Enquirer: 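The following block contains the structure, expressed as C-alpha cells.
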Amino acid sequence: MEERAVLHVDFDHFYAQCEEIRQPSLRTLPVCVCIYSDRGGESGAVATANYPARKFGAKSGLPISRAKRLLEGTDARFIPVDFEYYSDVSEKAMAIMEGYADVFEYVGRDEAYLDVTERTGGSLKTAAHLAQQIKNGIRESLRMTCSAGVSRNKLVSKIASGYKKPDGLTVVEAGSEESFLDGLTLRDIPGIGGKTAKRLGAAGMTTVAAVRAADVFDLQRTFGRKTGTYVYNSVRGINEDPVHERPPSVQFSKIVTLKRNTTDPGELAEALQEVCRSLHGTLAERGMRFRLVGIQFVHADLSNRTRSRTLRNHADSLEKLQEVSGQLLDGALRDTVPPVRRLGVKVSDLTKAVGQQAISSYF
Ligand code: DGT
Ligand code: CA
Ligand code: CA
C-alpha cells in the first residue's frame, strides 16, 4: 500500500466546550453537561465533564448525584444537554475540517478522519502543519480546542489524537509506530476491549510489546482469524482501513418552547407555521431543498414524539413545508397526546438547489 497521510481530529470535552463558548464565564469552573432522566430531580447521568471537573473525578457516565458529591464545595455548574445546539456547532466544525481533506470521513458529532495524502504528497511533516492550521482555524472561528493525531493510518492517528488532551497535536512518524505504542497500555488500542485484554493477560501478555512477541497463529487460535489478525497488526501500528468519504449527516431543525403547555390543535398549528417560517428562512439562505420533513413534540416530562414523511421529490417552498408538517401534526393529534411543551420541525435528505452541488450525490 502507498504511504498515506491520515489525520484524526477529536474535539475536547465537546458538549462542555459548546456550553463554554456561549457562556465564556464557565471556562474556569467545573462543568458537567447532564442528561436528566424524565423522572425529575437529579436522576440522570453526566454526558461529559470539562477538564476542571475531571480533576475531581467527574466524567461521562456517572450518575449526576455522584458527580454532585464529587464536586461538592466547588463552584461547579450542572447544565442540561442541548443536542440541537451541539449539532449546529458540530456542523460548523465539520465544514471547517472538510476543506482540508482529500477524503473526509465523519465519525460523529465531534470527530473525523481526513486523508490528506494527495495534498501533502504523503509527507507527515506537511500533514502536521495542516493539522495545526485546522486547529488554528477552529480556534479562530469557533473559539474551541480539539486534539489531532497524524500518522500513516487511521488506527495510529486515532490513538495519537487522544494521546495529549486537551489541545494536543501528536505526530507518529513512519517507523515510530511500535515505540509509540510501547508507551501505552493494551486498552489504549481501539478494538482491544476489556475481554480481549483479559484473555491476553491470562496468557501472560500484559503489555503491547509482549503481544508483539506472540505468534500470529497463536493469536488467531485464541481469538479467531479476524480478531487475531487485527490484534497482531494493531500492536505493530499496522492498519490499512481506507478513509471512507462520509459527509456529516445533514439536517436542519428548529424547535420552540410554547408559551404554555397545550394540546389545543389551533395553538399548535399556529406555532408550527411559525417554526416552519423560521426554518425555511435558514434553508432559503443556504439554497437547500428538502425531501424528508419531520415534526417533534417534547412533552412536559421531556419525553418525545416524532412523525416524519419522505416526499416523492425534493421541494423548497415554505408552502410545501407548512403543508406537510401541518398534515403530520393532524396525524399526530388523532392520537391522544399529553400536553406539548416544545414543538419542532426538521428537514433532511437535503440537496442544494440547481446549479449548486448536490449533497445527496455523496450517498
Ligand atoms: P474528550 O474527547 O475526552 O475531551 O471528551 P468528550 O466529552 O469530547 O468525549 P467523547 O469524544 O468521547 O464524546 C463526545 C461527546 O459525546 C461528549 O462531549 C458527550 C457525548 N458523550 C460521550 N460519552 C457519552 C455517554 O456515555 N453518553 C452520552 N449520552 N453521551 C456521551
Ligand atoms: Ca471528544
Ligand atoms: Ca469523540
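Predicted model, so just to flag it, every value in this text is computed and none were measured. Both ligands and their constituent atoms are indexed starting at 1 by order of listing.
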Enquirer: Does the ring centre of His13 sit less than 6.0 Å away from the ring centre of Tyr51?
Expert: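 Yes; His13 has its ring centre under 6.0 Å from that of Tyr51.
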Enquirer: For Arg109 and Tyr15, does a side-chain donor sit closer than 3.5 Å to a side-chain acceptor?
Expert: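 Per modelled atom types, Arg109 and Tyr15 side chains form a pair under 3.5 Å.
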Enquirer: Can you find a side-chain donor-acceptor pair between Ser157 and Ser151 that sits under 3.5 Å?
Expert: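 On atom types as modelled, these side chains qualify, holding a pair under 3.5 Å.
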Enquirer: Not counting sequence neighbours, which residues clear side-chain hydrogen bond (donor to acceptor under 3.5 Å, both in side chains) with Asp215? List them please.
Expert: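 Scan of Asp215 (side-chain hydrogen bond (donor to acceptor under 3.5 Å, both in side chains), adjacent residues dropped) gives none.
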Enquirer: With sequence neighbours excluded, what pairs up with His8 under the side-chain hydrogen bond (donor to acceptor under 3.5 Å, both in side chains) test?
Expert: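 Once residues adjacent in sequence are excluded, the partners of His8 under the side-chain hydrogen bond (donor to acceptor under 3.5 Å, both in side chains) criterion are Glu111, Ser161.
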Enquirer: For ligand 1, would you mind listing the residues that have at least one heavy atom less than 4.0 Å away, ordered by chain and number?
Expert: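 Asp10, Phe11, Asp12, His13, Phe14, Tyr15, Ile35, Ala47, Thr48, Tyr51, Arg54, Ser60, Asp110, Lys165.
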Enquirer: Quick one: how many protein N/O/S atoms are under 3.0 Å away from the Ca ion (ligand 3)?
Expert: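 Counting protein N, O and S atoms closer than 3.0 Å to the Ca ion (ligand 3) gives 3.
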Enquirer: Name the one of Arg307, Gln322, Arg309 that satisfies side-chain hydrogen bond (donor to acceptor under 3.5 Å, both in side chains) with Gln327?
Expert: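 Option passing the side-chain hydrogen bond (donor to acceptor under 3.5 Å, both in side chains) with Gln327: Arg309.
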Enquirer: Do the non-hydrogen side-chain atoms of Tyr85 and Arg22 ever get within less than 4.5 Å of each other?
Expert: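 With C-beta onward as the side chain, the pair touches.
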Enquirer: Between Ser179 and Asp182, do the side chains contain an N or O donor and an N or O acceptor separated by less than 3.5 Å?
Expert: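 Result is no, nothing qualifies.
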Enquirer: Please assess Glu20 against Asn50 for the test side chain to side chain donor-acceptor pair (under 3.5 Å), listing each intermediate value before the final yes or no.
Expert: CA-CA 9 Å; Glu20 289 170 8; Asn50 69 355; 3.0 Å; yes
